Protein chains: 2
Amino acid sequence: MDRISVFNEYVRRKGLKNTNQRMVILETFLGSKSHYSTEDLYMKLRKEYPKIGYATVHRTLKLFAECGIAIELNFGDGQTRFEPLIADQHHDHLVCTSCGLIVEFTETRIERLQEQIASQYNFKIERHRHELYGLCSDCAKKQG
Amino acid sequence: MDRISVFNEYVRRKGLKNTNQRMVILETFLGSKSHYSTEDLYMKLRKEYPKIGYATVHRTLKLFAECGIAIELNFGDGQTRFEPLIADQHHDHLVCTSCGLIVEFTETRIERLQEQIASQYNFKIERHRHELYGLCSDCAKKQG
DNA sequence: TTAGCTTCTGAATGTCATTTTCAATATCCT
DNA sequence: AGGATATTGAAAATGACATTCAGAAGCTAA
């Protein structure tokens, strides 16, 4: 089931309504590989739909996270970012602390070790966050 | 060098001053295993030192992070927490999403894999964040 | 020790992302 | 279509964090 269907399904099940704004936001959100903050997406949408409200964008992004087609990311810069999520395609992030570049990685060996740790402590893991912060190759060159 | 000395050293080197409030905050901060938010520590201190200000607690915690005797943690609940840090004793966290329990873990195999990933992408890692979210054994029992 | 300079403190205020409110509007169901 | 209910967008509220400022306290040199 694609993400648009997942969203529609969720909206129906919850007795919510399917509005133009939500569709427009969804399409724009899915049609990019970016990690949008509310601000980012709002600015992008405003070019084509000047009447759209900031609060609507924000509420809709939260809704995406709620229904599982997006996840909230928080890299500690005081801005929550939202990332379109593909079912069963988990990944983690490398974040350049200089230019803000975000690179995704997956490492199944780490995932397995996580499970071991969880069972050691009798935790039932729901999700995790794993971020590596440092300089990307370009910034490392520039800044020594 | 213990953490009090590290702090005093830092204060001296930076031309800052050694005040009563800072000492009181430092002692309380180090004398607990908690992961304090500014609010938490402020409330705790207030019992014994009612005149201490929120801003002072907050500024001092930032100072601890600055001089390396604490790190800022962010578990995505909108509150920055500060953790007393022991030099060379890095660890990551298991966080119970139900009761808020925080358990620390270390796993050198994961650390090694991280380094491999970083070099794959030509990143120069400065720090990382690795958190596993889920239910602790108690909450898992209670909530099924 | 004191004078004099600098930093610190605490209360108040500012800032910024996010959330809520509310009246007008749009959607959905029958 | 009619009517109940959710949504929208502008504005205001919230909450964590940061800054300001005047008075207080720490530091340094003589």
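Quick note on labels: first sequence line is chain A, next is B, and so on, each numbered from 1. Computed from a predicted structure; not experimentally measured.
Contact annotation: A:T38 side-chain N/O to C:dA17 OP1/OP2 distance is not under 4.0 Å. Within the structure, every side-chain polar atom (N or O) of B:R59 is placed at least 4.0 Å from both OP1 and OP2 of D:dA18. Phosphate proximity of D:dG9 to A:T56: present, with a side-chain N or O under 4.0 Å from OP1 or OP2. A close approach under 4.0 Å does not occur between any side-chain nitrogen or oxygen of B:Q21 and OP1 or OP2 of D:dA25. Using a 4.0 Å cut-off, no side-chain N or O of B:H58 falls inside it from OP1 or OP2 of D:dA16. Between C:dT9 and B:R22, a contact under 4.0 Å exists linking OP1 or OP2 to a side-chain N or O. The side chain of B:T80 contributes an N or O atom lying less than 4.0 Å from OP1 or OP2 of D:dC17.
Ring orientation note: the planes of A:H93 and A:H91 are nearly perpendicular, at an angle over 60° on the 30°/60° scale.
As a whole-Å value, the separation of A:R81 CZ from C:dA17 P is 11 Å. The distance from atom NZ of B:K51 to atom P of C:dA12 is 15 Å, rounded to the nearest whole Å. Rounding to whole angstrom units, CD1 of residue B:I25 and C1' of C:dC8 are separated by 11 Å. A straight line from CZ of A:F7 to C1' of D:dT7 spans 12 Å, rounded to a whole angstrom. Separating the CZ atom of B:R46 from the P atom of C:dA11 is a distance of 9 Å, rounded to the nearest angstrom. Regarding B:N20, its CG atom lies at a distance of 6 Å from the P atom of D:dG26, rounded to whole Å. Here D:dA16 presents its P atom at 5 Å from CD of B:Q79, a figure rounded to the nearest Å. In this structure, A:L63 places its CG atom 8 Å from P of D:dT7, rounding to the nearest Å.
Side-chain atoms of A:R22 come within 3.5 Å of backbone N or O of A:K17 as a donor-acceptor pair.
Both B:L16 and B:Y54 lie near DNA chain D, and the one whose nearest nucleotide falls closer to the 5' end is B:Y54. Comparing A:I52 and B:E39 by the nucleotide of DNA chain D whose heavy atom lies nearest to each, the residue mapping closer to the 5' end is A:I52.
Nearest approach of B:F123 to A:V103, heavy atoms of both residues: CE1-CG2, 4.0 Å.
Aromatic ring centres of A:F29 and A:F64: separated by under 6.0 Å.
At the heavy-atom level, A:K62 lies under 4.0 Å from the strands shown only through sugar-phosphate atoms.
Checking A:E107 against A:H130 by side-chain atom types alone, no donor-acceptor pair falls below 3.5 Å.
Checking C:dT27, D:dA10, D:dC27 against every side-chain atom of A:K17, the shortest atom distance belongs to C:dT27.
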